[in-house]
Amino acid sequence: MAHESTSAIYTAAGANLAIACAKFVGAFLTGSSAMLAEGVHSLVDTANQILLLVGLKRAKKPADARHPFGYGREVYFYAFIVALFIFLGGGAFAIYEGIHKIGHPEPVEDAVLFGRHVSGFWVNLAILGFAVLAEGYSCYVAIRSFWAEKGERPPITAIRRSKDPALFTVLVEDVAALLGLVIALAGVILAETLDLPVLDGWASIGIGLVLIGMAIFLMIETHGLLIGEAADPEIVAAIREVARAEPGVHHVNEVLTQHLGPDDILVNVSLDMDDGLSAGEVERMVERLDRALKERHRKVRRVFVEIQARSAAEAQIRAVQAARA
């Protein structure tokens with residue numbers, strides 16, 4: 001899914017940069033607080049997409065002596081930084097600007113374009129309309145990429161179980177951006193219709209709350225990936241099935257998995273083997289199991305097999321569970 005992620009990120013970055021420029025021009029011409037908050041939001045989103053691209057690039061670095069399992073988790077780290085940026089650079093600023101506008105409400109100013117006065121209300125509507133179209137296209141690309149990965153799972157379940165934060169971060173950002181645009185449109189229209197400039201400030205606060213909510217959601221999701229998450233239960237069950245099918249395997253004691261990156265799974269299998277097998281037969285079994293697991297799941301990159309009596313393995317598992325309790 002690396003290609004899908006990169007395509008969605010480039011699309012989002014281009015759209016957000018164009019939208020940010022348009023919003024800042026609108027905020028400068030009309031003095032709209034909601035428009036300024038939206039401009040900062042789009043600029044932060046553009047920076048976020050650049051950070052995600054940096055994370056994807058660094059994650060491809062080959063393993064070395066200091067990092068023998070590679071740099072796959074770099075993308076998790078940068079995704080977490082993106083969530084912090086959304087929280088501070090987007091949400092907190094929007095709320096601050098909204099509170100300032102509520103305390104000092106001012107009507108939207110008319111813009112002067114080529115020596116002619118143009119209603120600031122219509123300037124804001126035009127810019128927000130352009131932003132909705134550009135953001136809508138970016139969101140469409142992100143949804144299409146996400147749909148290709150999620151399979152038959154419900155969207156929220158797919159996000160919770162996805163190991164590719166670059167993809168779902170862009171999707172969440174785009175959804176938050178569209179919600180923010182709807183709020184900005186409502187604030188601009190209501191402020192003009194009801195002649196209540198203070199509503200522009202409340203719209204800015206609403207945008208900030210949406211961004212902070214999305215940022216907290218992303219923080220929770222990327223935090224789990226950053227500290228290490230197991231592979232999907234279906235993959236773990238398939239590993240057990242393949243291991244049990246090997247001749248000489250009496251029992252699969254334990255299967256431990258961990259994502260070292262979106263497409264990099266480490267597998268550790270503990271097996272109770274037939275005591276009558278020779279060292280050569282055990283070695284060939286390990287080779288077959290390693291090959292079978294990697295062929296069945298392309299994301300499985302490293303397989304470690306531990307030969308252990310069932311009773312000893314169960315005692316070890318109980319000891320670990322007791323220590324956690």
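Cluster membership check: L133 does not share its hydrophobic cluster with I143, using side-chain heavy-atom separations under 4.5 Å among Ile, Leu, Val, Met, Phe, Trp and Tyr. L225 and L266 are assigned to two separate hydrophobic clusters, defined by single-linkage of ILVMFWY side chains at heavy-atom distances under 4.5 Å. Put simply, L84 and V82 are part of the same group of oily side chains (I, L, V, M, F, W, Y) that touch within less than 4.5 Å, one to the next. A continuous path of ILVMFWY side-chain contacts below 4.5 Å connects W122 to L128, so both sit in one hydrophobic cluster. V242 and L256 are members of different hydrophobic clusters when ILVMFWY side chains are connected at heavy-atom separations under 4.5 Å.
With contacts defined as side-chain heavy-atom distances shorter than 4.5 Å, the pair L53/Y10 qualifies. Between V286 and L289, every side-chain heavy-atom pair lies at or beyond the 4.5 Å cut-off. For the pair V252 and V269, the minimum side-chain heavy-atom distance is below 4.5 Å. In this structure, L271 and V305 have side chains that are in contact, with non-hydrogen atoms separated by less than 4.5 Å. Inter-residue side-chain proximity for V182 and L178 is flagged as unmet; no heavy-atom pair is nearer than 4.5 Å. L209 is listed as a side-chain neighbour of I205, based on a closest heavy-atom distance under 4.5 Å.
Heavy atoms of other residues, nucleotides or ligands lying less than 6.0 angstrom from CZ of F85 number 12 at most. For H104, the NE2 atom is loosely surrounded, since the number of other residues' heavy atoms within 6.0 Å does not exceed 12. Counting non-hydrogen atoms of neighbouring residues, nucleotides and ligands closer than 6.0 angstrom, the OH atom of Y137 reaches no more than 12 such neighbours. A 6.0 Å sphere centred on CG of D275 holds no more than 12 heavy atoms belonging to other residues, nucleotides or ligands.
Counting all heavy atoms, side chain and backbone alike, P105 lies closest to I102 at CD-O, 3.4 Å. Contact record, I95 with G208: CG1-CA, 3.9 Å, taken as the closest heavy-atom pair. Of all non-hydrogen atoms in A142 and V170, the two that sit nearest each other are CB-CG1, 4.0 Å. Scanning both residues, P165 and P262, for their nearest heavy atoms gives CD-CG, 4.4 Å. Contact record, A158 with F146: CB-CZ, 3.6 Å, taken as the closest heavy-atom pair. Here the closest non-hydrogen pair linking R298 and R301 is O-NE, 3.6 Å.
Judged by distance alone, the side chains of D174 and Y140 never bring a donor and an acceptor atom under 3.5 Å apart. Donor-acceptor pairing under 3.5 Å is recorded for the side chains of E173 and Q49. A donor-acceptor contact closer than 3.5 angstrom is absent between the side chains of E254 and Q316.
Every residue two or more places apart in sequence or in another chain that forms a side chain to side chain donor-acceptor pair (under 3.5 Å) with E229 is listed here: K163. For the side chain to side chain contact (heavy atoms under 4.5 Å, CB included) test, residues two or more places apart in sequence or in another chain that qualify with H223 are F80, I227.
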**Q.** Chi angles and distances behind the side chain to side chain contact (heavy atoms under 4.5 Å, CB included) call for L218, F168
**A.** CA-CA 9 Å; L218 288 176; F168 69 70; 3.9 Å; yes

Q | Derivation of the side chain to side chain contact (heavy atoms under 4.5 Å, CB included) call for V175 and M214 | A | CA-CA 9 Å; V175 171; M214 291 295 187; 4.0 Å; yes

Q.
Using salt bridge (charged side-chain N to carboxylate O under 4.0 Å, His left out), reason through R302 and D264 one step at a time and then give a plain yes or no.
A. CA-CA 8 Å; R302 299 168 181 81; D264 187 353; 3.0 Å; yes

(Q) Test side chain to side chain contact (heavy atoms under 4.5 Å, CB included) on L260 and I265; report intermediate values, then the result. (A) CA-CA 6 Å; L260 303 179; I265 299 176; over 6 Å; no

Q) Does the pair I86 and V172 meet the rule for a side chain to side chain contact (heavy atoms under 4.5 Å, CB included), with working shown? A) CA-CA 11 Å; I86 296 173; V172 171; over 6 Å; no

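Remark: the backbone N or O of E234 is not paired with any side-chain donor or acceptor of D232 at under 3.5 angstrom. S42 places no side-chain N or O within donor-acceptor distance of the main-chain N or O of I19, the cut-off being under 3.5 Å. Using modelled atom types, no side-chain atom of Y76 and backbone atom of T222 make a donor-acceptor pair closer than 3.5 Å. In terms of modelled atom types and a separation under 3.5 Å, the side chain of R296 and the main chain of I239 share no donor-acceptor contact. Here the side chain of S270 pairs no donor or acceptor atom with the backbone of N253 at under 3.5 angstrom.
For the atom pair S138 OG and I9 CD1, the distance stands at 10.5 Å (nearest 0.5 Å). Atom OG1 of residue T257 and atom NZ of residue K299 lie 12.0 Å apart, to the nearest 0.5 angstrom. Between the CE atom of M273 and the CD atom of E306 there is a distance of 13.0 Å, given to the nearest 0.5 Å. Rounding to the nearest 0.5 angstrom, the gap separating the CG atom in L43 from the SG atom in C21 is 8.5 Å. Rounding to the nearest 0.5 Å gives a distance of 15.5 Å between CG of L125 and CZ of F130. Distance check: Y78 OH to R58 CZ gives 4.5 Å after rounding to the nearest 0.5 Å.
When each of E281, M285, R288 is tested with P247 by the rule side-chain contact (heavy atoms from CB on, under 4.5 Å), just one qualifies, namely R288. Checking E74, R73, H67 one by one against Y71, the side-chain hydrogen bond (donor to acceptor under 3.5 Å, both in side chains) holds for a single residue, H67.
Salt bridge K101/E97: absent, no basic N to carboxylate O contact under 4.0 Å.
Relative orientation of the H100 and Y96 rings is parallel, given thresholds of 30° and 60° on the angle between their planes.
Here side chain to side chain donor-acceptor pair (under 3.5 Å) pairs that include residues 206-219, with residues two or more places apart or in two chains, number zero.
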